[in-house]
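First the structure, in the form of structure tokens, and then the observations on it.
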Amino acid sequence: RDPIVAFGETSGSLGSPKLIPHTAASLDVIRRFAERLLLFQLLEGRHYVPHLTKWLAVSASTKVRMNRGIPVGFISGLMYGIAQKKRKNFLLPTPRVAGIADWDERIRQSVAEAWTERVGTMLGVPAYLCRFLDEAALRANGQRLGEVWPMLGRIYYSGTSIEPYRDQLESALGRLL
């Protein structure tokens with residue numbers, strides 16, 4: 001049995017938050033996903049040029065606390081850390097903003113950071129993506145978000161089905177997913 005090296009915390013949206021144990025191997029799966037995502041985009045991404053566009057990770061706070069010597073953080077925050085190692089300066093929001101604990105403030109500052117950047121990829125849980133796009137729509141003042149981020153070629157989601165959120169996301173972006 002492999003030792004637990006981290007705990008991913010769920011949001012508790014269906015009750016109490018839960019801790020998901022991760023081994024080095026399970027975190028490596030997330031790392032490999034990030035690598036494969038890069039390769040897939042190189043092959044299939046119409047607007048994707050790695051050093052010209054950025055990934056935008058709409059995640060829970062990346063703050064990690066220690067519990068008996070084991071890091072504990074939101075799953076999306078742990079994933080952000082892995083993506084940060086792969087994309088470095090080509091990942092938004094910056095580590096400072098990604099670590100903000102207050103959800104609304106993190107979203108506001110994430111929108112502000114991404115506003116003038118060449119975002120090519122968005123990643124996140126559908127509800128988080130909707131919240132981000134709602135905040136961006138306020139700033140856009142009627143401009144379609146697809147015009148704000150014309151190089152946005154892919155949206156990757158996890159955690160739940162996209163279907164309940166599809167209409168809202170497409171409406172905000174001004175195009176089909």
Side-chain angles (χ1 to χ4, degrees), residues 11 13 29-62 73-100 102-177:
S11 67
S13 59
V29 168
I30 297 169
R31 180 194 56 77
R32 287 194 318 263
F33 168 76
E35 289 173 350
R36 289 187 176 129
L37 185 58
L38 281 167
L39 291 173
F40 173 77
Q41 288 184 310
L42 286 171
L43 293 172
E44 303 292 330
R46 185 177 60 172
H47 296 299
Y48 184 70
V49 181
H51 295 293
L52 295 179
T53 63
K54 295 188 178 191
W55 283 5
L56 173 61
V58 183
S59 73
S61 176
T62 58
F74 286 104
I75 293 169
S76 58
L78 294 172
M79 292 174 75
Y80 173 92
I82 291 168
Q84 182 66 35
K85 289 177 184 170
K86 293 288 172 200
R87 295 288 291 157
K88 296 183 180 45
N89 293 328
F90 295 96
L91 179 68
L92 295 168
T94 59
R96 181 191 64 77
V97 170
I100 295 172
D102 180 83
W103 171 251
D104 291 327
E105 185 60 24
R106 186 174 59 260
I107 290 293
R108 273 191 293 278
Q109 289 196 33
S110 293
V111 168
E113 280 191 344
W115 198 252
T116 59
E117 297 290 344
R118 298 170 99 179
V119 175
T121 303
M122 246 184 230
L123 306 105
V125 173
Y128 293 4
L129 293 169
C130 285
R131 177 64 187 93
F132 175 87
L133 292 173
D134 286 347
E135 184 68 29
L138 290 174
R139 181 174 179 146
N141 199 23
Q143 182 182 13
R144 289 190 174 193
L145 296 179
E147 296 168 5
V148 173
W149 297 300
M151 300 204 59
L152 179 61
R154 299 268 194 241
I155 296 178
Y156 296 96
Y157 63 91
S158 64
T160 188
S161 171
I162 194 85
E163 289 311 316
Y165 305 94
R166 181 180 295 277
D167 289 345
Q168 183 180 352
L169 290 167
E170 288 176 347
S171 176
L173 290 169
R175 64 178 176 85
L176 298 176
L177 293 179

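All heavy atoms count here, side chains included; hydrogens, waters and symmetry mates do not.
- One distance of note links CG of Asp104 with CZ of Arg131; it measures 5.0 Å at 0.5 Å rounding.
- The neighbour count for Asp102 CG, taken as heavy atoms of other residues, nucleotides or ligands under 6.0 Å away, is above 12.
- When each of Phe74, Tyr157, Trp103 is tested with Tyr128 by the rule ring pair (Phe, Tyr, Trp, His ring centres under 6.0 Å), just one qualifies, namely Trp103.
- Atom-to-atom distance recorded for Leu123:CG and Leu92:CG is 11.0 Å, nearest 0.5 angstrom.
- Judged by distance alone, with hydrogens and angles left aside, the side-chain atoms of Arg106 form a donor-acceptor pair with the main-chain N or O of Ser59 at under 3.5 Å.
- Judged as a side-chain hydrogen bond (donor to acceptor under 3.5 Å, both in side chains), the pairs with a partner in residues 168-177 (not counting sequence neighbours) are, in order, Asp134-Gln168.
- With hydrogens and angles ignored, the 3.5 Å screen pairs no side-chain donor or acceptor of Glu117 with any backbone N or O of Lys54.
- Between Arg118 atom CZ and Thr53 atom OG1 the span is 8.0 Å, to the nearest 0.5 Å.
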Exercise for the section: Show your reasoning for whether side chain to side chain contact (heavy atoms under 4.5 Å, CB included) applies to Leu169 and Ile162. Expected result: CA-CA 9 Å; Leu169 290 167; Ile162 194 85; 3.4 Å; yes
Identify all side-chain donor-acceptor contacts of residues 138-153 below 3.5 Å with residues at least two apart in sequence or on another chain.
unit_1	atom_1	unit_2	atom_2	d
Arg144	NH1	Gly174	O	3.3
Trp149	NE1	Ala114	O	2.8

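- To the nearest 0.5 Å, the span separating OG on Ser161 from CZ on Arg166 amounts to 8.0 Å.
- Interatomic distance, Leu56 CG to Leu129 CG, rounded to the nearest 0.5 Å: 8.0 Å.
- Under the 3.5 Å distance criterion, the side-chain polar atoms of Ser110 are left unmatched by any main-chain donor or acceptor of Pro93.
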